[in-house]
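Quick note on labels: first sequence line is chain A, next is B, and so on, each numbered from 1.
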2 protein chains.
Amino acid sequence: MNDCNHWIETLQAHGYRLTRQRRLIIKILEESHEHLDAETLYDRVRACDESIGLATVYRTLSLLKQVGLVEEHRLGAEHSHFEATPETPHYHFTCRHCGRVIEFAAPEVLNVARELSAREGLHVTDVHLFLSGCCARCQKGETE
Amino acid sequence: MNDCNHWIETLQAHGYRLTRQRRLIIKILEESHEHLDAETLYDRVRACDESIGLATVYRTLSLLKQVGLVEEHRLGAEHSHFEATPETPHYHFTCRHCGRVIEFAAPEVLNVARELSAREGLHVTDVHLFLSGCCARCQKGETE
DNA sequence: ATTGAAAATGAGAATCATTCTCAGGTGGGA
DNA sequence: TCCCACCTGAGAATGATTCTCATTTTCAAT
């Protein structure tokens, strides 16, 4: 599970420097198998190193996204969530009531993307399928 | 194509008042078969009525979304785009270079949503499939 | 090891879409 | 026509993200 080396090699292959801050952010991102938002990541990083600034967290996320190591998701409307790019793609459902996120696989989606690419001559780099509604738990509990 | 009456009836059925501002915004939204952002809609609305405020545009969009008459899309990361809810669902591809948006149908996607709903006991209310990459035109023109 | 130039950082200001506040205006039922 | 709860306009407030800039740090070449 400790694949930090892969991340570090990728960063260096792109000519980016390896700083204390980037190492730490990568470590936290790998440990957290979740969709962290920038603020949460910032808090966890600060728990290890008080001196790291929020701007650095954003800069590093942007850089990791650029080299393909993390994905950014807009699960709600508010702010972004980030997660390590998974080997096999998956998608997300969010409950509008409790905020719970359910991940799911759906191989058909890539076919849709492939067909569209072929038909329109596109080069598709990102595929986001996002569902929202009311989860099973919330349907029982409340009406609103 | 002039289905304003449907919109107006829907609004009234939900107990909302029919104001000059709301009528105008609905009219513009129906005339524009595009994905308008709030600012563009605001400009078009102002061309007809100088006195309308941006906050009213946002308030009305939010209200129309709530009753299901318009959909909100996050095509890029920046800001939202809005369009009249279409009869048959469609999805979007955005070119990261020129910003062009391509709409496409993909009936399979609803099956994915249905299967997930059944399996997890969810009630899915929104389905967004968003692709991005490089369009055919931009692949020829530029490398970057 | 030392050095130097380019790249990265921290702090806080700036940005920008969207929402909120509140005093005044208006739709539509009685 | 009257009334009042709902709407509106203007501008302030918010909140996530980005930018600025002076200071540090990395790392390739000495």
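Overall bending of the helix from C:dA1-D:dT30 to C:dA30-D:dT1, expressed as the angle between end axes built from five pairs apiece, is 30° (10° steps).
Both A:Leu131 and B:Leu131 are members of a single hydrophobic cluster when ILVMFWY side chains are connected at heavy-atom separations under 4.5 Å. Residues A:Val57 and A:Leu69 fall within the same hydrophobic cluster, defined by Ile, Leu, Val, Met, Phe, Trp and Tyr side chains chained together at heavy-atom separations under 4.5 Å. Both B:Ile102 and B:Val109 belong to a single network of hydrophobic side chains, linked directly or stepwise wherever heavy atoms of I, L, V, M, F, W or Y lie under 4.5 Å apart. Each of A:Tyr91 and A:Val101 belongs to its own hydrophobic cluster when Ile, Leu, Val, Met, Phe, Trp and Tyr are linked at side-chain heavy-atom distances under 4.5 angstrom.
Here B:Tyr58 pairs with nothing under the side chain to side chain donor-acceptor pair (under 3.5 Å) rule; sequence neighbours left out. Not counting sequence neighbours, B:Glu9 has no partner by the side chain to side chain donor-acceptor pair (under 3.5 Å) test. For A:His92, the ring pair (Phe, Tyr, Trp, His ring centres under 6.0 Å) criterion is met by A:His35, A:His73, A:His90, not counting sequence neighbours. Applying the side chain to side chain donor-acceptor pair (under 3.5 Å) test to A:Arg46 and every residue at least two apart in sequence or in another chain returns A:Tyr42.
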(request) Take B:Tyr16 and B:Val67 through the side chain to side chain contact (heavy atoms under 4.5 Å, CB included) test and state the conclusion after the steps. (result) CA-CA 10 Å; B:Tyr16 293 114; B:Val67 300; 3.9 Å; yes
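Pairing each heavy atom of B:Pro89 with each of B:Leu110, the nearest pair is CG-CD1, 3.9 Å.
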(request) Going 5' to 3' through nucleotides 23-30 of chain D, assign each nucleotide B (protein heavy atom under 4.0 Å from a base atom), S (under 4.0 Å only from sugar-phosphate atoms) or - (no protein heavy atom that close). (result) --BBS---
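Here chain B contacts DNA chain C (any atom closer than 4.0 Å to a heavy atom, that is under 4.0 Å), and the contacts span C:dA17 to C:dG28 from 5' to 3'.
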For residues 49-56 of chain B, dump all side-chain donor-acceptor pairs below 3.5 Å to protein atoms at least two apart in sequence or in another chain.
| from | atom 1 | to | atom 2 | distance (Å) |
| --- | --- | --- | --- | --- |
| B:Asp49 | OD1 | B:Ser51 | N | 2.9 |
| B:Asp49 | OD1 | B:Ser51 | OG | 2.8 |
| B:Asp49 | OD2 | B:Arg20 | NH1 | 2.4 |
| B:Thr56 | OG1 | B:Arg59 | NH2 | 3.3 |

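We find the SG-CD1 distance between B:Cys48 and B:Ile28 to be 4.0 Å, quoted to the nearest 0.5 Å.
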Set out, line by line, the N/O atom pairs under 3.5 Å between protein and nucleotides 14-18 of chain D.
| from | atom 1 | to | atom 2 | distance (Å) |
| --- | --- | --- | --- | --- |
| D:dT17 | OP1 | A:Ser80 | N | 3.0 |
| D:dT17 | OP1 | A:Ser80 | OG | 3.4 |
| D:dT17 | OP2 | A:Tyr58 | OH | 2.4 |
| D:dT17 | O5' | A:Tyr58 | OH | 3.4 |

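For the salt bridge (charged side-chain N to carboxylate O under 4.0 Å, His left out) condition, the pairs that include at least one residue of residues 36-45 of chain A, sequence neighbours left out, are A:Glu34-A:Arg44. Judged as a salt bridge (charged side-chain N to carboxylate O under 4.0 Å, His left out), the pairs with a partner in residues 100-128 of chain B (not counting sequence neighbours) are, in order, A:Arg96-B:Asp126.
Looking only at side-chain heavy atoms (C-beta outward), B:Glu71 and B:Pro86 come within less than 4.5 Å of each other.
Within residues 63-71 of chain B, no residue has any heavy atom closer than 4.0 Å to DNA chain D.
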